[in-house]
Structure formats: C-alpha cells, structure tokens
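Worksheet for the structure shown next.
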Amino acid sequence: MGKIVNCSQCQNLRSNISDQGNKTSRWYCEISRTECQPYREIARAKGSQLPIKTAPKWCPLKCSKQ
C-alpha cells in the first residue's frame, strides 16, 4: 500500500489566503493545470486552514504512485 498524499504538506501547494476574515481563501496545485487556468483549484474556504485532509482523486502525485 502506498503513502497517502496530503495537500497541506505538499511542496506544490499554492495558497491565496485572504487577510480579511470574511473573504474566501483559495488553494491551488502548482503541478496540475487546466485548460483555462495555469493552476487547478484544490479548495475554497473562509479562514487560513486548508479544509481537505487528503489529496483529491485527480492529484498527479497520487496517480503516479498507484
């Protein structure tokens, strides 16, 4: 069984954390691209903590380990 990939500890995590508490913060993956955006969005939430615990199923690191 492979190691579980965790976005909060990944070196490819790019954050756009809002300095205002009522604004939405966003987290992106630097190595995953979309047709419209240079980075794929992982999550949106209020505050400065990443709301997911493990990587999404489309994570390139997760796919390469299987």
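In this view, C7 and I42, L50, I52, A55, P56 satisfy the side-chain contact (heavy atoms from CB on, under 4.5 Å) rule, not counting sequence neighbours. With sequence neighbours excluded, no residue forms a salt bridge (charged side-chain N to carboxylate O under 4.0 Å, His left out) with E30. Under the rule for a side-chain hydrogen bond (donor to acceptor under 3.5 Å, both in side chains), the partners of S8 that lie at least two apart in sequence or sit in another chain are N6. Every residue two or more places apart in sequence or in another chain that forms a salt bridge (charged side-chain N to carboxylate O under 4.0 Å, His left out) with R44 is listed here: E41. Partners of R26 according to the side-chain hydrogen bond (donor to acceptor under 3.5 Å, both in side chains) rule, which considers only residues two or more places apart in sequence or in another chain, do not exist here. Partners of S25 by side-chain contact (heavy atoms from CB on, under 4.5 Å), not counting sequence neighbours, listed by chain and number: I17, S18, W27.
Once rounded to the nearest 0.5 Å, the distance linking CD1 of I31 with SG of C10 reads 6.0 Å.
In the hydrophobic clustering of ILVMFWY residues, with side-chain heavy atoms under 4.5 Å counting as a link, W58 and L13 come out together.
Y28 and R40 are not linked by any side-chain donor-acceptor pair at a separation below 3.5 angstrom, with hydrogens and angles left out of the test.
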